[in-house]
Chemist: 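The structure follows.
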Amino acid sequence: MEKIIFHVDVNSAYLSWNAVWDLQHGKTLDLRTVPSIVGGDPESRHGIVLAKSIPSKKFGIKTGETLFSALMKCPDLKIVPPRYSMYLKASDAMLEILREYSPIIERYSIDECFMDMGQRTREDAWETANRIRERIRDELGFTVNIGISTGKLLAKMSSDFQKPDRVHTLYREEIEKKMWPLPVEELFMVGPQTAKKLRDMNIRTIGDLARSDPEFLHQRLKKHGYVIFAYARGMDSSLVRNEGTVGMKGMGNSTTLPFDFTDRISCHNVLLSLGETLVPRLREARKLARTISIHIRTSDFATTSTQTTLSFATDSTSVLMEVSCQLFDELWNGDPVRHLGISFAQLEEKDVQQLSLFQDPRLEKGKRLDALIDRLRTDFGRDAVIRATFVNSPVKAFSGGVEEKDYVFMNSYL
DNA sequence: TCTGGGGTCCTAGGACCC
DNA sequence: TCTGGGGTCCTAGGACCC
């Protein structure tokens with residue numbers, strides 16, 4: 001018996017969920033069986049590949065590339081738009097099944113979970129993983145890969161082996177045979193930049209990395225060098241963090257504009273519309289923000305940011321938006337703006353708010369207004385109250401975040 | 001190659017304190 | 001006023017993850 005960890009990974013998550021939803025709603029084509037992708041809207045410059053089917057992989061289509069480029073590789077490519085709120089339902093349904101097998105589950109992302117399966121035999125782990133895999137496939141209609149090991153890193157690495165609808169193991173003694181031959185960029189935490197630096201050091205496989213000198217890596221890559229060296233040797237002692245134990249450190253909202261904006265007021269309006277999505281999220285999480293930062297990407301794709309830390313933490317829309325617009329004015333040099341973002345950090349719990357000598361007196365009044373608007377929007381829909389500035393404006397009143405408008409309630413089996 | 005959006009953590013330099 | 005070291009906080013940018 002030993003400690004067993006599972007990593008559950010939905011195969012081509014967004015694409016599979018779109019496919020299942022379509023099948024359950026009368027369509028006959030299964031997107032998973034043809035070259036297809038989930039992609040953004042090129043008209044509004046959100047046109048990249050978010051997820052791809054396995055058949056589309058044969059055309060060399062990659063996540064993150066432009067729809068234009070994907071269509072060049074495969075003119076018959078079927079493109080469907082994302083449905084974020086439906087994905088959340090599908091993810092919740094999967095979690096409900098997983099909870100029957102372990103009380104300690106870490107939701108790593110919308111389509112990945114770690115499960116602490118406690119002490120058990122390898123035979124039991126194998127059978128349990130296969131049972132979970134089959135249940136998800138049969139009850140929910142989509143497939144998962146499950147990776148089994150004694151720690152999170154190895155479990156995650158093994159769920160990435162052959163897909164779809166598979167269970168793999170990666171125990172310590174299997175590392176050399178199953179993981180070391182892989183190209184180094186397949187290791188968790190080795191992205192394109194690090195892979196390039198490693199290649200320059202003649203490190204091409206995970207095995208090369210595992211056999212290299214950690215002090216040399218540290219010299220070139222700082223702390224990151226030690227981290228990936230340890231990962232290459234399968235060393236990782238992180239625990240499965242149960243839900244609710246992970247505090248949110250920051251939250252943000254950003255959007256690419258449909259065309260480059262060149263005037264200050266339109267940019268302010270975009271910031272306000274981002275805030276109309278972001279600040280209610282902050283309040284819903286019962287958090288207050290102390291640090292506010294704004295990000296500008298210009299038409300030459302250069303990104304700059306600036307931030308400020310207030311002497312008090314707040315969830316007031318008017319305070320946060322006023323500061324955001326001020327920061328924009330300080331940062332913007334007049335270049336055409338392609339993308340705008342706001343984010344909040346240094347979040348504090350609302351319930352333990354400390355009174356500050358420097359608290360803004362406008363706060364009290366604004367608080368009641370914010371609460372009222374939140375309630376109107378809950379009761380009568382998001383568009384019940386919008387800022388006057390957005391009436392007859394080309395800028396949307398809300399931007400970023402989860403798109404709710406085309407959500408259709410899903411039936412109980414997904 | 002005409003490149004989304006939401007997060008986390010690390011680094012490096014500077015301010016400021018003792 | 002200069003020298004020095006350690007600690008903490010803040011800011012801007014960059015790497016990674018999904």
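Naming convention: chains lettered A, B, ... in sequence-line order (proteins, then strands); numbering from 1 in each chain.
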Chemist: Would you say A:His339 places a side-chain N or O within less than 4.0 Å of OP1 or OP2 belonging to B:dG4?
Modeler: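 No.
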Chemist: Should A:Lys222 be listed as having a side-chain N or O under 4.0 Å from OP1 or OP2 of B:dC10?
Modeler: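 No, outside the criterion.
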Chemist: Please name the nucleotide paired to C:dT11 by Watson-Crick or G-U wobble geometry with both distances under 3.5 Å, or report none.
Modeler: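 WC or wobble partner is B:dA12.
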Chemist: Please evaluate residues A:Asp92 and A:Arg107 with respect to the criterion salt bridge (charged side-chain N to carboxylate O under 4.0 Å, His left out), reporting the C-alpha separation (whole Å), side-chain torsions for both, the decisive distance (0.1 Å), and the verdict.
Modeler: CA-CA 10 Å; A:Asp92 286 346; A:Arg107 199 174 198 170; 2.7 Å; yes
Chemist: Specify the residue among A:Arg45 and A:Gly252 whose closest nucleotide of DNA chain B lies further upstream toward the 5′ end.
Modeler: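 Per heavy-atom nearest nucleotide, the more 5' residue is A:Arg45.
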Chemist: Check this one for me: any side-chain N or O of A:Thr309 less than 4.0 Å away from OP1 or OP2 of C:dT11?
Modeler: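 Yes, A:Thr309 has a side-chain N/O under 4.0 Å of OP1/OP2 on C:dT11.
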Chemist: What is the distance from CD of A:Gln346 to C1' of B:dG7, rounded to the nearest Å?
Modeler: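 The distance from CD of A:Gln346 to C1' of B:dG7 comes to 17 Å, rounded to the nearest Å.
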Chemist: Tell me whether the OP1 or OP2 atom of C:dC18 has a side-chain N or O from A:Arg107 closer than 4.0 Å.
Modeler: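 No, A:Arg107 has no side-chain N/O under 4.0 Å of OP1/OP2 on C:dC18.
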Chemist: Tell me whether A:Phe301 is stacked on the nucleobase of B:dT3, counting only the six-membered base ring and applying the 5.5 Å and 30° thresholds.
Modeler: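 Yes, the aromatic ring of A:Phe301 stacks with the base.
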Chemist: Would you mind telling me which residue lines up with the more 5' stretch of DNA chain B, A:Leu221 or A:Gly64, judged by nearest nucleotide?
Modeler: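 The residue whose closest nucleotide sits nearer the 5' end is A:Gly64.
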Chemist: Mind checking the P distance from C:dC2 to B:dC16? Whole angstroms is fine.
Modeler: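 Result for the P pair: 15 Å, nearest Å.
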Chemist: To the nearest 0.5 Å, what is the distance between CG (A:Leu274) and CD (A:Glu276)?
Modeler: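 With rounding to 0.5 Å, CG (A:Leu274) is 10.0 Å from CD (A:Glu276).
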Chemist: Just the rounded figure in Å: distance from P of C:dC17 to NZ of A:Lys152.
Modeler: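 Checked: the NZ to P distance equals 15 Å.
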Chemist: Just do the salt bridge (charged side-chain N to carboxylate O under 4.0 Å, His left out) check on A:Lys287 and A:Asp315 with the steps written out, would you?
Modeler: CA-CA 7 Å; A:Lys287 300 276 188 191; A:Asp315 64 0; over 6 Å; no
Chemist: May I ask you to decide if A:Leu320's main-chain N or O and A:Ser324's side chain share a donor-acceptor pair within less than 3.5 Å?
Modeler: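 Present.
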Chemist: Report yes if a side-chain nitrogen or oxygen of A:Lys249 is closer than 4.0 Å to either non-bridging phosphate oxygen (OP1 or OP2) of B:dC9; otherwise report no.
Modeler: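 For A:Lys249, the contact criterion (side-chain N or O under 4.0 Å from OP1 or OP2 of B:dC9) is met.
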Chemist: Between A:Ile342 (CD1) and B:dG5 (P), how many Å, whole number?
Modeler: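 Interatomic distance, CD1 of A:Ile342 to P of B:dG5: 14 Å.
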Chemist: Quick one: label A:Ser69 by what it contacts on the DNA or RNA (base, sugar-phosphate, nothing), any heavy atom closer than 4.0 Å.
Modeler: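 Counting heavy atoms under 4.0 Å across all strands, no contact is made by A:Ser69.
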Chemist: Within the structure, does a side-chain N or O atom of A:Thr306 lie under 4.0 Å from either OP1 or OP2 of C:dA12?
Modeler: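 So the side chain of A:Thr306 is within the cut-off, an N or O lying under 4.0 Å from OP1 or OP2 of C:dA12.
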Chemist: Compare the minimum distances between each of C:dA15, C:dC18, B:dC10 and the side chain of A:Ser109, then state the nucleotide with the smallest one.
Modeler: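 Of the candidates, C:dC18 comes closest.
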Chemist: Just to be sure I understand the rule, does A:Ser343 reach a base, reach only the sugar-phosphate, or reach nothing, if contact means heavy atoms closer than 4.0 Å?
Modeler: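 Nothing, no heavy atom under 4.0 Å.
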Chemist: For A:Asp200, which of A:Arg204, A:Lys197, A:Lys196 qualifies under salt bridge (Lys or Arg N to Asp or Glu O under 4.0 Å)?
Modeler: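 Single salt bridge (Lys or Arg N to Asp or Glu O under 4.0 Å) partner of A:Asp200 among A:Arg204, A:Lys197, A:Lys196: A:Lys196.
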Chemist: Does OP1 or OP2 of C:dC16 have a side-chain N or O of A:Thr194 closer than 4.0 Å?
Modeler: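 Yes, such a contact exists.
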Chemist: Please work out if A:Thr304 contacts a base, only the sugar-phosphate, or nothing of the nucleic acid, heavy-atom cut-off 4.0 Å.
Modeler: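 Contact class for A:Thr304: sugar-phosphate only.
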